[in-house]
Each structure stands twice: as structure tokens, then as C-alpha cells.
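Scroll down for the structure; my scribbles are underneath it.
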Amino acid sequence: MNIGDMFKQAREMQSRLNEVQEALKKGSVTGESGAGLVKVTLNGRFEALRVEIDPLAAEEDRAVQEDLIAAAFNDAVRRVEALQKEKMSDLAQGFGLPPGLDLPGNILG
């Protein structure tokens with residue numbers, strides 16, 4: 001592969017990465033806790049879009065509510081991270097890189 005081909009492939013990868021970033025910004029995932037009593041929805045940039053608290057959770061004391069909210073948020077974060085990893089894996093495989101290759105950096109820039 002010559003240097004021109006390498007630059008072309010790098011530009012293609014950057015373009016596809018930009019597409020993945022935009023898709024993640026527009027998408028969302030929901031984390032839950034307390035068997036669905038609390039739900040937190042995040043976009044692919046880890047920005048909170050919605051917090052839902054079931055009336056049954058509202059009857060709990062404040063400390064339990066706070067724990068449920070934190071747990072739901074953490075679940076949503078793990079789901080965003082998994083989604084990002086999946087998208088990066090798909091991107092890497094699309095360019096012939098080996099499966100499981102861990103590319104450095106946050107894909108959201």
C-alpha cells in the first residue's frame with residue numbers, strides 16, 4: 001500500500017467515524033434500577049435526556065431514591081459504553097482491522 005492509499009483510507013475512516021459519532025448523538029439508551037422503578041435515558045454523549053421515577057419508588061425514603069437514581073444512571077452509562085464499543089468494532093472491521101482491536105480515545109471527540 002502506498003502513502004496515497006494510506007491517506008485515502010485514513011480520510012475514509014475519519015468520515016465513517018464522523019457518521020458513527022452523529023448516530024450516537026442522535027441515539028439513546030435507557031438504564032434501569034429497582035426492577036424498572038427508576039429509568040434514566042442518555043444519548044451517546046452521556047447527556048441525560050430523561051429520568052423516570054415510578055410512583056412506587058417515590059414512596060421510598062430519600063436515600064433509597066438516590067441509590068435507585070444512581071444505579072439507573074450507572075446502568076445507562078454502561079449501556080452507552082457498550083454501544084460505543086460495538087460501533088467502534090463495526091468500524092474497525094469495516095476497514096479490515098482485527099476483531100477486538102481496542103482503538104484509543106473517546107470516539108465522540
Side-chain angles (χ1 to χ4, degrees):
M1 176 180 287
N2 68 37
I3 191 83
D5 291 338
M6 288 174 56
F7 281 122
K8 180 180 176 186
Q9 187 173 16
R11 282 191 302 274
E12 287 177 32
M13 186 176 269
Q14 182 62 48
S15 175
R16 296 261 315 272
L17 179 59
N18 289 341
E19 291 171 12
V20 168
Q21 289 172 334
E22 283 302 312
L24 285 168
K25 285 179 194 176
K26 293 177 183 175
S28 65
V29 298
T30 300
E32 299 181 3
S33 68
L37 290 177
V38 174
K39 297 177 182 179
V40 173
T41 302
L42 303 178
N43 68 14
R45 294 188 59 104
F46 299 98
E47 298 167 334
L49 302 175
R50 179 180 304 116
V51 176
E52 299 174 60
I53 301 174
D54 187 283
L56 291 174
E59 294 174 8
E60 296 292 336
D61 69 27
R62 183 180 175 109
V64 171
Q65 289 176 1
E66 291 170 349
D67 288 345
L68 288 170
I69 292 168
F73 186 84
N74 290 335
D75 183 47
V77 167
R78 283 189 292 278
R79 291 171 189 250
V80 170
E81 289 170 341
L83 181 61
Q84 286 183 348
K85 187 172 185 171
E86 175 187 324
K87 295 291 185 187
M88 283 304 289
S89 177
D90 292 348
L91 178 66
Q93 288 178 1
F95 283 94
L97 300 174
L101 180 68
D102 201 10
L103 297 175
N106 182 340
I107 67 171
L108 294 174

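Heads up: numbering here begins at 1 and tracks the sequence.
Among pairs with a residue in residues 65-74, those fulfilling salt bridge (Lys or Arg N to Asp or Glu O under 4.0 Å) read R62-E66, at least two apart in sequence or across chains.
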Derivation and outcome, salt bridge (Lys or Arg N to Asp or Glu O under 4.0 Å), residues R78 and E81: CA-CA 5 Å; R78 283 189 292 278; E81 289 170 341; over 6 Å; no

Trace of the side-chain hydrogen bond (donor to acceptor under 3.5 Å, both in side chains) decision for Q9 with D5: CA-CA 6 Å; Q9 187 173 16; D5 291 338; over 6 Å; no

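Closest approach of T41 to T30, counting heavy atoms only: OG1-OG1, 2.9 Å. When all heavy atoms of E32 and D75 are compared, the closest pair comes out as N-OD2, 2.8 Å. Here the shortest heavy-atom pairing between Q65 and E59 reads NE2-N, 4.4 Å. Here the closest non-hydrogen pair linking A72 and V40 is CB-CG2, 3.7 Å.
Taking the side chain as every heavy atom from C-beta outward, M13 and R16 never approach each other to under 4.5 Å. A 4.5 Å side-chain heavy-atom check between R11 and S15 finds every atom pair outside the cut-off. With a 4.5 Å cut-off on side-chain heavy atoms, V77 and L42 count as touching. Using a 4.5 Å heavy-atom cutoff, the side chains of V80 and R45 are not in contact.
Residues satisfying the side chain to side chain contact (heavy atoms under 4.5 Å, CB included) criterion with L68, sequence neighbours excluded, are S33, V38, A57, V64. For the salt bridge (Lys or Arg N to Asp or Glu O under 4.0 Å) test, no residue two or more places apart in sequence or in another chain qualifies with R50.
Hydrophobic clustering (ILVMFWY, side-chain heavy atoms < 4.5 Å, transitive): V51 and L49 are in distinct clusters.
In this structure, NZ in K26 is found 12.0 Å from CG in N43, a value given to the nearest 0.5 Å.
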